[in-house]
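First comes the structure, then the notes that go with it.
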Protein chains: 2
Amino acid sequence: MTGLPFDERTLREARRIAQRTPPAETDPKVEALVTELIGRVADKWTMLILEVLHQHGELRFTQLARQVEGISQKMLTQTLRQMERDGMVTRTVHPVIPPRVDYRLTELGASLGAAFCGVWIWAEENLDKVEAARRAFDASGATVRR
Amino acid sequence: MTGLPFDERTLREARRIAQRTPPAETDPKVEALVTELIGRVADKWTMLILEVLHQHGELRFTQLARQVEGISQKMLTQTLRQMERDGMVTRTVHPVIPPRVDYRLTELGASLGAAFCGVWIWAEENLDKVEAARRAFDASGATVRR
DNA sequence: CAGCATCCATTCAGATACTG
DNA sequence: CAGTATCTGAATGGATGCTG
């Protein structure tokens, strides 16, 4: 992949999000959603799918499978269903033979990418520090148990 | 938990992050770090530890275990080690009997929380849409295979 | 007190085979 | 074409017991 879709529109959205002031007290439902969202985005495939759909606009199942390198058909189906359920993606079934199903990002799905821009930028800014910390830790002989 | 540490300083940091313009071409190393970071934060415990350390300043192992509700000792040790390795946390061993180990957030660790503010705010703004989408999906009789 | 080592149940993802 | 169903190995995380 080539990273988050950093076009101008996405960046504007990311900045608008950061300008908002969140309430002092966090709604438990929001908390649960955040945890779920982060977990979803971390699941390795969601972000990749988000990205290729953002780039291509609309894709069929097989086209997606080709674009998202390494994904199994099972994971593609599963991830797309979850994204559809969360309103990130629309699934359009054309009643033809052979079947044809189109997937497209929704506004909601596109803006989720923007929400993660902050993490992306942070990583860029702090990559050196993290790497240095890791080198120091490993050189000290310490290990992380598994 | 009560949500991300949304104090003024954290918010300023989040906004500063969002104002930066990322490069057009993403460094593969940054990409790998982003994926790792998101995965780490999604692992359920890292964020919680980040939060209680942010609130309390410095805590001993057992105090952390008490503050982070539900965490097993194994997961606490493992997560703390990973955070230490990544430079998010400092671990100070006092050579006394019984042993005493203090954990404290680093600047880097604190700023990571800020990087995720965008996701938090996004979730607050879009919770209703996601819930509506899920209700519609579930009502349609569709399911997500497991 | 602050861990490490070990065992075990559950989850998960990949491969494979089959279908409307 | 766009899936579903099933099997299996691997990774996770919790519980328990032990130690300097």
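These numbers come from the heavy atoms of this one structure, side chains and all, not from hydrogens, waters or symmetry mates. All chains are named by letter (A, B, ...) in the order of the sequence lines, taking the proteins before the strands, and each is independently numbered beginning at 1.
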Who are the salt bridge (Lys or Arg N to Asp or Glu O under 4.0 Å) partners of [X], not counting sequence neighbours?
X        : result
A:Arg145 : none
B:Arg66  : none
B:Arg85  : A:Asp138

Check your understanding: Which nucleotide in the list C:dA2, C:dA5, D:dT4 gets nearest to the side chain of A:Thr77?
Key -> D:dT4
Grab the [atom1]-[atom2] distance between [X] and [N] for me, whole Å please.
X        : N      : atom1 : atom2 : answer
A:Leu80  : D:dC1  : CG    : P     : 17 Å
A:Ile97  : C:dG20 : CD1   : P     : 12 Å
A:Arg145 : C:dT6  : CZ    : C1'   : 13 Å
A:Arg100 : C:dG20 : CZ    : C1'   : 19 Å

Practice item. If you link ILVMFWY side chains whenever their heavy atoms are less than 4.5 Å apart, which other residues fall into the same cluster as A:Phe137? By chain and number, please. Key: A:Val144
Review point. Using links of under 4.5 Å between side-chain heavy atoms of ILVMFWY residues, direct or through other members, which residues join A:Ile97 in one cluster?
Key: none
Could you tell me which residues satisfy side-chain hydrogen bond (donor to acceptor under 3.5 Å, both in side chains) with [X], sequence neighbours excluded, listed by chain and number?
X        : value
A:Thr106 : none
A:Arg60  : none
A:Gln78  : none
B:Arg12  : none

Practice item. Check each residue of residues 56-68 of chain B for a non-hydrogen atom within less than 4.0 Å of any atom in DNA chain C, then write out the ones that pass by number, or none. Key: B:Arg60, B:Phe61, B:Thr62
Check your understanding: When Watson-Crick pairs (N1 to N3 and N6-O4 or O6-N4) and G-U wobble pairs (N1-O2 and O6-N3) count only below 3.5 Å on both distances, what is the dot-bracket string of DNA chain C, with | for other-strand pairs?
Key -> ||||||||||||||||||||
Revision key, fill the gap. Taken to the nearest 0.5 Å, the spacing of B:Gln82 CD from B:Ile49 CD1 works out to 9.5 Å
Can you check nucleotides 13-20 of chain D for protein contacts, nitrogen or oxygen pairs under 3.5 Å, and list what you find?
unit_1	atom_1	unit_2	atom_2	d
D:dG13	N7	B:Lys74	NZ	3.2
D:dG14	N7	B:Lys74	NZ	3.4
D:dG14	O6	B:Lys74	NZ	2.5

Review point. Is the phosphate of C:dC4, meaning OP1 or OP2, less than 4.0 Å from a side-chain N or O of B:Arg81?
Key: yes
Review point. Has the side chain of A:Asp27 got a donor or acceptor atom that lies under 3.5 Å from a matching backbone atom of A:Lys29?
Key: yes
